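One structure is given below, encoded as C-alpha cells.
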There are 2 protein chains.
Amino acid sequence: MDKPWGEVTPEAARKLLVAAVEAFAERGYHATTTRDIAGRAGMSPAALYIHYKTKEELLHRISRIGHDKALKILQAAAEGPGTAAERLDGAVRSFVRWHAERHTTARVVQYELDALSEEHRTEIVELRRRSDAAVRRILNDGVKAGEFDVPDVPGTTLAVLSLCIDVARWFNAQGRRTPDEVGELYADLVLRMVTAQK
Amino acid sequence: MDKPWGEVTPEAARKLLVAAVEAFAERGYHATTTRDIAGRAGMSPAALYIHYKTKEELLHRISRIGHDKALKILQAAAEGPGTAAERLDGAVRSFVRWHAERHTTARVVQYELDALSEEHRTEIVELRRRSDAAVRRILNDGVKAGEFDVPDVPGTTLAVLSLCIDVARWFNAQGRRTPDEVGELYADLVLRMVTAQK
DNA sequence: GCAAGCTCTAAGCGCTTGCTCACCTTCGGG
DNA sequence: CCCGAAGGTGAGCAAGCGCTTAGAGCTTGC
C-alpha cells in the first residue's frame, strides 16, 4: 500500500493535513490561512482546532513525517547491498524520485523549516543531520574501496544532497521529464562527480 | 566601487530596500510586515509609501536588480575568452560566489518569486530563461569542441544552475567555508559532471 | 522672506488573521 | 431511552495587517 499520509488518523485529521500540504506548497506557510486549509478539506475553520492545537503544529506534523520518509530512503540505500557506486546510484535515484513525485510535500518539507518553532526546528535539524550522515557514509566507503576520488567528502556530501533537494523547487508535473528520468539523469551526474578521472 | 545597492536613490529609498532584503531573507516575504521594514530603516511605516507604491513593488525592485546581476555574471562568463571548460569553470565559480557572498539577497531573489504579481513574475522568468541560455551555450560549445561528454544538455544545464542556486539556501556566513572555497569546490564538481570519462 | 514642494510622521481605517466559545449533532453502552 | 463523550458548526474576539491621510518641518527659487 504505502498510501502517502496513511499514518494520520482519524480521517478528518488526514484530510486537513493533505489540504495543508497543498496550500503550504502553493502559497507558502505564512501566506496560507487556516480558513483556506479548512475550506480545501470541506470543513469549517473551527474544525481544524479539534485535531491540531495550532497552525504550526500542522506544519510540524507534515515536516516530521516527510523528514522521516526522506531519512528512511537514504538510510535504506546506504545500508543496502552492492558497491559504493551502486548504493550511491540507488540513493540519488530514489531520493530524487521522491522529491519529484511528491514535490508538493517536498517543497513544504524542505523550504518551510524557518516557520517552525525553535523546539520543533531543532528536532527536524537532527533528522537532517542523520540524512547527511547516510550519504557521507556511502562516499567514505567508496573512497576507502578505491572506487571514488573525492577530495572533499563533507563538501561533496552537501553538494549531492543540495542537488537532489533543489529538485522540489523546479520540478513541474506538467513538464517534459518524469520523476524516473530525472532520477536517472541525476544518478549519472552524481556518479561522474565522485568517480576517479582518466 | 560596485556598491551593492548603489543604483537605488535617494538614500532613504536605498535604506528601505536594504532593510527589506534583510527582513525578507530572514522571515520570508509574507511574514515580513511593512512596519518591520520601516523600523529596520529607522523610519515610520508611512515613509515606505513615499518611495514605493506597495510592499510588492519593493520585492520586485529587489528581484529585478538581483536577477540582472545574476544574468550579467553568467553572460560575462559565457561570452568570455577561453575554452568551454575554462568558461564553465568561471561561470560556476563566480555564480556560486555571488550566491554565497550575497546569500541574503540571493535567498530573496531565488525563493520569493511566487510572491510577485503575475506581470512582474513574467518579466523575471524571462531573465531566468536567458540565464539558462547562457549556461546551455557553454555546454553546447564544449560538446561541439569535443571537450565535454554531455548526453542531455538541457537537463545538465538545469542541474548546474540548480546546484549553484541552492547555495543560497544552505550557505551560512558563520560556517566553515568561504564563498571562494565553495566556488572552487563547485567548479570542480561541475567540470567532472561534463567531462568525458576514461 | 515667503510660497511651493518634497520628505516624513502620528494617527488611524477597513479588513483579515489565528484562534475561541457556546451550542448542536451523532452514536455506543447501561 | 437517556447520557456523556467526541466531532462538528456559526459567530465573533483581539490583534495585527497593508495602506491612507492630514499636517508638520525643512529646503529651495525668486
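Throughout, protein chains are lettered first and strands after them, A, B, ... in sequence-line order, and every chain is numbered starting at 1. Because the structure is predicted, anything quoted here is derived from the model rather than measured.
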[atom1] of [X] versus [atom2] of [N]: gap in Å, rounded?
X       : N      : atom1 : atom2 : result
A/Leu58 : C/dG18 : CG    : C1'   : 12 Å
A/His51 : D/dA6  : NE2   : C1'   : 9 Å
A/Lys15 : D/dG7  : NZ    : C1'   : 12 Å
A/Ile37 : C/dT16 : CD1   : P     : 18 Å
A/Glu11 : D/dG8  : CD    : P     : 10 Å
B/His30 : C/dG18 : NE2   : C1'   : 17 Å
B/Ile50 : C/dC6  : CD1   : C1'   : 9 Å
A/Arg27 : C/dT16 : CZ    : C1'   : 13 Å

*Starting at the 5' end of DNA chain C and moving along, which residue's nearest nucleotide shows up first, A/Ala31 or A/Ala46?*
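Whichever sits nearer the 5' end wins; that is A/Ala31.
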From the set [options], return the single nucleotide nearest to any side-chain atom of [X].
X       : options               : result
B/Ala12 : C/dC8, D/dC19, D/dT9  : C/dC8
B/Ala47 : C/dT9, D/dC17, D/dT9  : C/dT9
B/Tyr49 : C/dG18, D/dG18, C/dC8 : D/dG18

*asked:* Tell me whether the count of non-hydrogen atoms from other residues, nucleotides or ligands lying under 6.0 Å of CD in A/Glu184 goes above 12.
replied: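 For A/Glu184, atom CD is not crowded (no more than 12 foreign heavy atoms under 6.0 Å).
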*Determine the contact category for B/Ser44: base if any of its heavy atoms lies under 4.0 Å from a base atom, sugar-phosphate if only primed atoms, P, OP1 or OP2 are that close, otherwise nothing.*
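Base, at least one base atom sits under 4.0 Å.
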*Ignoring hydrogens and angles, answer whether the base of D/dG16 and the side-chain atoms of B/Arg35 contain a donor-acceptor pair closer than 3.5 Å.*
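In this structure, the two groups form no donor-acceptor pair.
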*Residue-phosphate contact under 4.0 Å: B/Thr34 side-chain N/O, D/dG18 OP1/OP2*: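 Yes, B/Thr34 has a side-chain N/O under 4.0 Å of OP1/OP2 on D/dG18.
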*asked:* I'd like to know if the side chain of A/Arg137 pairs up with that of A/Gln75 as donor and acceptor (distance under 3.5 Å, no hydrogens or angles considered).
replied: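 Note: A/Arg137 and A/Gln75 side chains miss the donor-acceptor criterion.
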*Please check if any side-chain donor atom of B/His99 sits under 3.5 Å from a side-chain acceptor atom of B/Gln110, or the reverse.*
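A pair is found: one side chain offers a donor N or O, the other an acceptor, under 3.5 Å apart.
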_Minimum heavy-atom distance between A/Ala20 and A/Ile62, given as atom pair plus value_ =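 Closest approach of A/Ala20 to A/Ile62, heavy atoms only: CB-CD1, 4.0 Å.
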*Would you call B/Arg129-B/Asp132 a salt bridge at under 4.0 Å N-O?*
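Looking at B/Asp132 together with B/Arg129, the answer is no, because their closest N to O distance does not fall below 4.0 Å.
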